[in-house]
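Worksheet for the structure shown next.
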Amino acid sequence: IKKEVKYGQLTELPRQDEAMKKWRSNRFGQFIHWGLYAIPGGIWEGKTYKYAAEFLKSSAGISTATWDSLQYQFNPVKFDAKEWAKMAKDMGVKYVTITTKHHEGFCLWPSKYTDFDIENTPYRKDLLGEFIKAYNEEGIDVSLYYSVLDWHHPDWRYKLNTEEDKAAFERLKAFTENQLLELLERYPTVKGLWFDGTWDQCWKDNGKFSYDLEKKLKEKNPGLIVNSRMRADEYGSRHFDSNGVLMGDYESGYERRLPNPWDVAVTKNDWECCMTIPENQWGYHKDWTLTHIKTSNELIEMLVQCTSQNGNFLLNFGPRGEGNFREKEVKLAKEIGDWMDDNSSVIYNCGYAGLKKQSWGYFTKSSDSDDAINMVVFNKPINGKYRVKLNKGSIIKRAYLLSKPKKSFNLEEIANGEYFLDDVKGKCKDPFVIIIELEDKDSKKFKQK
Ligand SMILES: C[C@@H]1N[C@@H](c2cn(-c3ccccc3)nn2)[C@H](O)[C@@H]1O
């Protein structure tokens, strides 16, 4: 039976306004985690801490006073916003999400509501403003990550047990609302807000406040896109309200993990997977020998899988404290960009093809065409023949490599809508695309008559 939920879903989904259609067609985004944690980079007093570098304060048991003094060392002399935006453009991302304030509470913009911000660093300037301008100039949409959880703010409380807790958290709520409205006021081209640090009881007890806040933010910036992680309904249910209805505008529960590739249910909603290049480092860590570092082919496969299931892929980069990227990240961005140069047509404005996952790789389909299906191959079949199972009644007109459109595959129909394609491709080391052109519906109807 349905519960009466007053503070659950705010906006009827799926949204079909232009802003959301653009978000959907973007598919590939860059995540940037940048803050004071990038200065120590996971190492404190000569000791390396394996846990996520943006958690060094807690994993190394550092006092707030000591941690906050890092603010006076934050001077990214190598930061070049235009260079960052160019690298992102060449990688093929259509949007970027940057941490304006992570759990440490340090703000990358000059905020009226705190001194723990970029203005009180040797850098002084509006770093976030420079970043947004440079990325927008490259035609990249900007979304802002904001952590409600704030280790620095004296009024943060994990739980509201006493009257004093409640009074303090009322101040924290006002601070949060003020900062968010300030961000939308200062940076009107921003397309979205990516909320994090919203799992504690203090925030979950404030379902009505956060519901009203989402409304206020969307009134301030019409078209604003908000993730499902922003809030809980009045019963404390997060991402989905107590009736299982998605909150925010897209599901943002896939953090460092993807859905099962054969999961069809996930295609019903908009969703985004955010992913790290190491196993679990969002902020810059000096030592990348601690865990597996994903290769560009692994990351490309994740991007293609997300697209194949109607999801976006947000790939994280953690710049150094001085404002440049580690060479391995620059190299991966280049490798992914080279692949996107030839294959982005199977990503941008593409999504679920309505077909079952098959062993050689993933299907994607452009939202603009019903007569072509993309096969993105990651696993070449031993026998060189690609088994392709389409919907019943589908007839393949032609199949060819995106890279060699003139040379058609031989087709062998083995059942209704099921074919073998012969392999025309020699050695290949990168994922590649086969285009399936279908007989369009009318001509088929005509034949049947
Ligand atoms: C998007 C990612 N979310 C932040 C995070 C992850 N976690 C976390 C904490 C405990 C268990 C699992 C995950 N807490 N904060 C990470 O720091 C990064 O910002």
Side-chain angles (χ1 to χ4, degrees), residues 28-42 44 49-62 64 67 70 93 95-108 128 131 142-153 156-159 176 179-180 183 192-204 225-232 238-239 248-259 271-286 288 290-291 294 299 302 306 311-321 329:
F28 186 24
Q30 178 188 43
F31 213 165
I32 300 261
H33 274 72
W34 202 23
L36 302 181
Y37 42 77
I39 298 170
W44 194 259
Y49 291 81
K50 293 190 166 48
Y51 198 58
E54 70 280 4
F55 275 84
L56 182 65
K57 179 176 185 281
S58 47
S59 41
I62 300 163
T64 298
W67 185 265
L70 287 168
V93 296
Y95 70 106
V96 65
T97 299
I98 181 166
T99 50
T100 59
K101 180 185 79 139
H102 201 259
H103 308 337
E104 65 180 4
F106 175 68
C107 301
L108 288 182
L128 181 61
F131 176 92
V142 176
S143 162
L144 303 180
Y145 166 111
Y146 183 90
S147 174
V148 171
L149 166 58
D150 189 323
W151 298 329
H152 166 85
H153 200 289
W156 173 263
R157 298 288 184 283
Y158 287 93
K159 283 196 171 70
T176 301
Q179 285 210 315
L180 289 163
L183 283 167
L193 289 174
W194 206 102
F195 287 89
D196 202 9
T198 56
W199 43 78
D200 291 300
Q201 202 54 45
C202 56
W203 191 252
K204 292 206 296 190
I225 294 167
V226 170
N227 66 340
S228 61
R229 202 181 292 206
M230 173 178 182
R231 58 192 176 83
R238 294 177 69 236
H239 292 285
D249 299 306
Y250 62 93
E251 189 192 348
S252 62
Y254 291 101
E255 177 171 320
R256 292 190 305 111
R257 65 189 176 90
L258 283 114
W271 58 278
E272 178 193 72
C273 161
C274 57
M275 187 55 70
T276 52
I277 295 174
E279 278 317 285
N280 184 6
Q281 295 293 342
W282 296 92
Y284 174 72
H285 197 296
K286 285 178 180 156
W288 264 23
L290 298 170
T291 69
K294 298 179 188 76
L299 297 166
M302 292 180 181
C306 288
N312 284 9
F313 186 59
L314 188 64
L315 179 59
N316 184 68
F317 287 73
R320 294 192 181 95
E329 286 186 334

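All ligand and atom numbering here is 1-based and tracks the order in the structure.
Partners of Lys294 under the salt bridge (Lys or Arg N to Asp or Glu O under 4.0 Å) rule, at least two apart in sequence or in another chain, are Glu279.
A distance of 14.5 Å separates CH2 in Trp151 from CZ in Phe106, rounded to the nearest 0.5 Å. To the nearest 0.5 Å, the span separating CH2 on Trp194 from OG1 on Thr97 amounts to 8.0 Å.
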List the atom pairs, with distances to 0.1 Å, where a side-chain N or O of residues 311-321 and a protein N or O form a donor-acceptor pair under 3.5 Å, not counting sequence neighbours.
{"residue": "Asn312", "atom": "OD1", "partner": "Arg27", "partner atom": "NH1", "Å": "2.7"}
{"residue": "Asn312", "atom": "ND2", "partner": "Trp23", "partner atom": "O", "Å": "3.1"}
{"residue": "Asn316", "atom": "OD1", "partner": "His33", "partner atom": "ND1", "Å": "2.8"}
{"residue": "Asn316", "atom": "ND2", "partner": "Trp282", "partner atom": "O", "Å": "2.9"}
{"residue": "Arg320", "atom": "NE", "partner": "Tyr284", "partner atom": "OH", "Å": "3.2"}
{"residue": "Arg320", "atom": "NH1", "partner": "Asn324", "partner atom": "OD1", "Å": "3.3"}
{"residue": "Arg320", "atom": "NH1", "partner": "Phe325", "partner atom": "O", "Å": "3.4"}
{"residue": "Arg320", "atom": "NH2", "partner": "Glu327", "partner atom": "OE1", "Å": "3.2"}

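With distances taken over non-hydrogen atoms, the option nearest atom 11 (C) of ligand 1 out of Phe55, Tyr51, Trp282 is Tyr51.
One side chain, Tyr146 or Gln179, offers a donor N or O that lies under 3.5 Å from an acceptor on the other.
When heavy-atom distances to ligand 1 are checked against a 4.0 Å cut-off, Trp199 comes that close only through its side chain, counted from C-beta outward.
Scanning the protein heavy atoms around atom 15 (N) of ligand 1, the nearest turns out to be His103 NE2, 2.9 Å. Protein heavy atom in closest approach to atom 2 (C) of ligand 1: Glu255 OE2, 3.3 Å. With respect to atom 17 (O) of ligand 1, the closest heavy atom belonging to the protein is Glu54 OE2, 2.8 Å. The closest protein non-hydrogen atom to atom 3 (N) of ligand 1 is Asp196 OD2, 2.8 Å.
For atom 8 (C) of ligand 1, the nearest protein heavy atom lies 4.0 Å away or farther.
Scanning both residues, Thr99 and Tyr37, for their nearest heavy atoms gives OG1-OH, 3.7 Å. In plain terms, the two heavy atoms of Lys159 and Gln201 that are nearest each other are CG-CB, 3.9 Å.
Residues Lys50 and Thr291 fail the side-chain proximity criterion, which asks for heavy atoms closer than 4.5 Å.
In this structure, His102 counts as a contact residue of ligand 1, since one of its heavy atoms falls inside 4.0 Å of the ligand.
Backbone and side-chain nitrogen or oxygen atoms of Trp194 are examined, and none is located within less than 3.5 angstrom of a nitrogen or oxygen of ligand 1.
Interface of His33 with ligand 1, defined as ligand atoms under 4.0 Å from a residue heavy atom, comprises 18 (C), 19 (O). Below 4.0 Å from some heavy atom of Tyr145 lie the following atoms of ligand 1, by number and element: 19 (O).
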